[in-house]
Visitor: 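Following this message is one structure expressed as C-alpha cells.
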Amino acid sequence: MTPPVLVGVDGSSESTAAAHWAAEEAVRRGAPLRLVHAWPWLTDGRSAFVEEDSPPAVARRMLDDTAAAVRDRHPGLSVNTDVILDAAVDGLVGAAGNAGLLVLGSRGLGGFAELLVGSVSMATAARSAAPVVLVRPVRERPERAPGESGEVLVGIDTQDPDDSVLAFAFREAGLRGARLRAVHGWDLPPAFATVGFIPSQADLGEIEALEAKGLALALAGWRERHPETEVVEEVRLGAARALVEASATADLVVVGRRRRPHDLGARIGRVAHAVIHHAYAPVAVVPHD
C-alpha cells in the first residue's frame, strides 16, 4: 500500500491551503490522505467530553469540515482524520514516521521582507523522518502559456549531491509532467573577503564555468535514468538568494536537510533555512544522511 500523505490541520488559512495542496499530491501519488490535529491538552480523559464547545469536539469538527472540503474537490480520494494526543511537534513527527510525505502550513510571505514561518513548522521540518512540504495560501502567479509545463526547482550542492534529494525532485517533476530546474548557488571563497580581494569578471566567469561543470557531473546519471524529464541546469552566485529568486516561477522548491544523531542545536542548514522563510513556492525539505 502506498504510504499516506499526512497533513497537519489547525483551522488556519495556511493549514487549509496545505490540506488542499496535500490532497492534490495524494491524487498524483495514488495515496490516501490523512488529516491530523495534534494538541497535548486533548488527553484521554478530556477526549471523552461531549460538550459542543469542548476542545476535543472543536478539533474533530475542524478536521471533519476540512475533510469535507477536500472530498468535494477530490471525490475519489480516501481521506481520514485523527486527533493526536501529543504536543504539536512531537505528535506530527511521530505520525510522519508512517507517512510518505508530511504537509504543513507556512506563514511566510515570500521575498526578503520578513521571517514568518511558524516555529511548529520549522521544528517539525527539522526532525521529521519523512520529507516535509511547507505550503502557503495560494497567491497570484503569472499565467502559463497553453501547453507550457510546470517547474520543480531543486537546490544542489555539487560538492556533496545527495541521492535522496535528487530522487525526490525527479519524482515530483515526473508526477507533474514538469521540467526540473536544478540550481547550484555558489559563493566566493571566504579568503577573498578576508584579504579584501574583488575578483574580476574574467575570474568570476572561470569560477562559474567550473561550478557549471560540477553541476553537470552531479546530474549526468540522473538525466540518463530519467530521459522523459526535461532538465534545466543553472548556476548562480549566492546560494540562498539563487533559490529564492528562482522560486518565483516554480511549483515546488526542493532542498535537503541533513539528519542529525541528536536533537540538540540547529538541524536545518543555512541555505535551506533561508529558502524555507523566503521562497515564493511551497518548499519540500528532504532529510538525508
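Just so it is clear, the model here is predicted, and its values are computed rather than measured.
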Visitor: Quick check for you: to the nearest 0.5 Å, what is the distance between Ile276 atom CD1 and Ile268 atom CD1?
Guide: 4.0 Å
Visitor: Quick check against the 3.5 Å criterion: does Ser121 have a side-chain atom that pairs as donor or acceptor with the backbone of Leu104?
Guide: no
Visitor: May I ask you to test the His74-His20 pair for a side-chain heavy-atom distance under 4.5 Å?
Guide: no
Visitor: Do other residues, nucleotides or ligands put more than 12 heavy atoms under 6.0 Å from Gln159 CD?
Guide: no
Visitor: Measure across Leu153 and Ser247 and return the closest heavy-atom pair with its distance rounded to 0.1 Å.
Guide: CD2-N, 3.6 Å
Visitor: Using the salt bridge (Lys or Arg N to Asp or Glu O under 4.0 Å) rule, take Arg258 and Asp157 through it: C-alpha gap first, then chi angles, then the decisive distance, then the call.
Guide: CA-CA 12 Å; Arg258 190 174 297 279; Asp157 178 359; over 6 Å; no
Visitor: Atom CD of Glu211 and atom CD1 of Ile156: how far apart are they, to the nearest 0.5 Å?
Guide: 12.5 Å
Visitor: Rounded to the nearest 0.5 Å, what separates atom CG in Asp163 from atom CG in Asp289?
Guide: 11.0 Å
Visitor: Would you sort out whether Arg241 and His278 count as a side chain to side chain contact (heavy atoms under 4.5 Å, CB included), showing the intermediate values?
Guide: CA-CA 9 Å; Arg241 184 176 291 273; His278 301 298; over 6 Å; no
Visitor: Looking at every heavy atom in both Ser128 and Ala130, which two are closest together, and how far apart are they?
Guide: OG-O, 2.8 Å
Visitor: For the residue pair Val286 and Ser164, what are the closest heavy atoms and their distance?
Guide: CG1-O, 3.9 Å
Visitor: Find out if a path of hydrophobic residues (ILVMFWY) with successive side-chain heavy-atom gaps under 4.5 Å connects Leu237 to Ile207.
Guide: yes
Visitor: Within the distance-only criterion (no hydrogens, no angle test), does the side chain of Arg60 pair as donor or acceptor with the backbone N or O of Val83 below 3.5 angstrom?
Guide: no
Visitor: So do Phe170 and Val231 actually touch side chain to side chain, heavy atoms under 4.5 Å?
Guide: yes
Visitor: Is the shortest side-chain heavy-atom distance between Leu166 and Leu219 below 4.5 Å?
Guide: yes
Visitor: Can you find a heavy atom in the side chain of Val255 that is under 4.5 Å from one in the side chain of Val271?
Guide: no
Visitor: Could you report the tightest heavy-atom contact between Thr2 and Pro32, atom names first, then the distance?
Guide: O-CD, 3.6 Å
Visitor: Which heavy-atom pair separates Ala18 from Val103 by the least distance, and what is that distance?
Guide: O-CG1, 3.6 Å
Visitor: Do His226 and Leu180 make a side-chain contact, defined as non-hydrogen atoms from C-beta onward lying under 4.5 Å apart?
Guide: no
Visitor: What verdict does the side chain to side chain contact (heavy atoms under 4.5 Å, CB included) test give for Arg176 and Glu25, after you've listed the backbone C-alpha separation in whole Å, the side-chain angles of each residue and the deciding distance to 0.1 Å?
Guide: CA-CA 9 Å; Arg176 289 168 166 75; Glu25 181 69 16; 3.4 Å; yes
Visitor: Looking at CG of Asp65 and CG of Leu35, how far apart are the two atoms once the value is rounded to the nearest 0.5 Å?
Guide: 11.5 Å
Visitor: Once you round to the nearest 0.5 Å, how far does CZ of Arg61 lie from CG of Leu63?
Guide: 11.0 Å
Visitor: Kindly write out the residues that satisfy side chain to side chain donor-acceptor pair (under 3.5 Å) with Glu234, not counting sequence neighbours, or none if the list is empty.
Guide: Arg181, Arg236
Visitor: I need the minimum non-hydrogen distance between Ala178 and Thr229, along with the two atoms involved.
Guide: O-CG2, 4.0 Å
Visitor: As an exercise, state the distance from CG of Asp72 to CG of Leu77, rounded to the nearest 0.5 Å.
Guide: 12.0 Å
Visitor: Stepwise, does the side chain to side chain contact (heavy atoms under 4.5 Å, CB included) test hold for Leu92 with Val132?
Guide: CA-CA 11 Å; Leu92 291 168; Val132 176; over 6 Å; no
Visitor: Find out whether Tyr280 and Val253 are in side-chain contact, i.e. whether some heavy atom of one side chain is under 4.5 Å from a heavy atom of the other.
Guide: no
Visitor: Among Glu233, Glu151, Glu228, exactly one meets salt bridge (charged side-chain N to carboxylate O under 4.0 Å, His left out) together with Arg179. Which residue is that?
Guide: Glu151
Visitor: In the structure I gave you, are the side-chain heavy atoms of Arg29 and Glu172 within less than 4.5 Å of one another anywhere?
Guide: yes
Visitor: If you define the side chain from C-beta out and look only at heavy atoms, does anything of Val152 sit under 4.5 Å from Phe168?
Guide: no
Visitor: Flag yes if more than 12 heavy atoms outside Arg73 fall under 6.0 Å of its CZ atom; otherwise flag no.
Guide: no
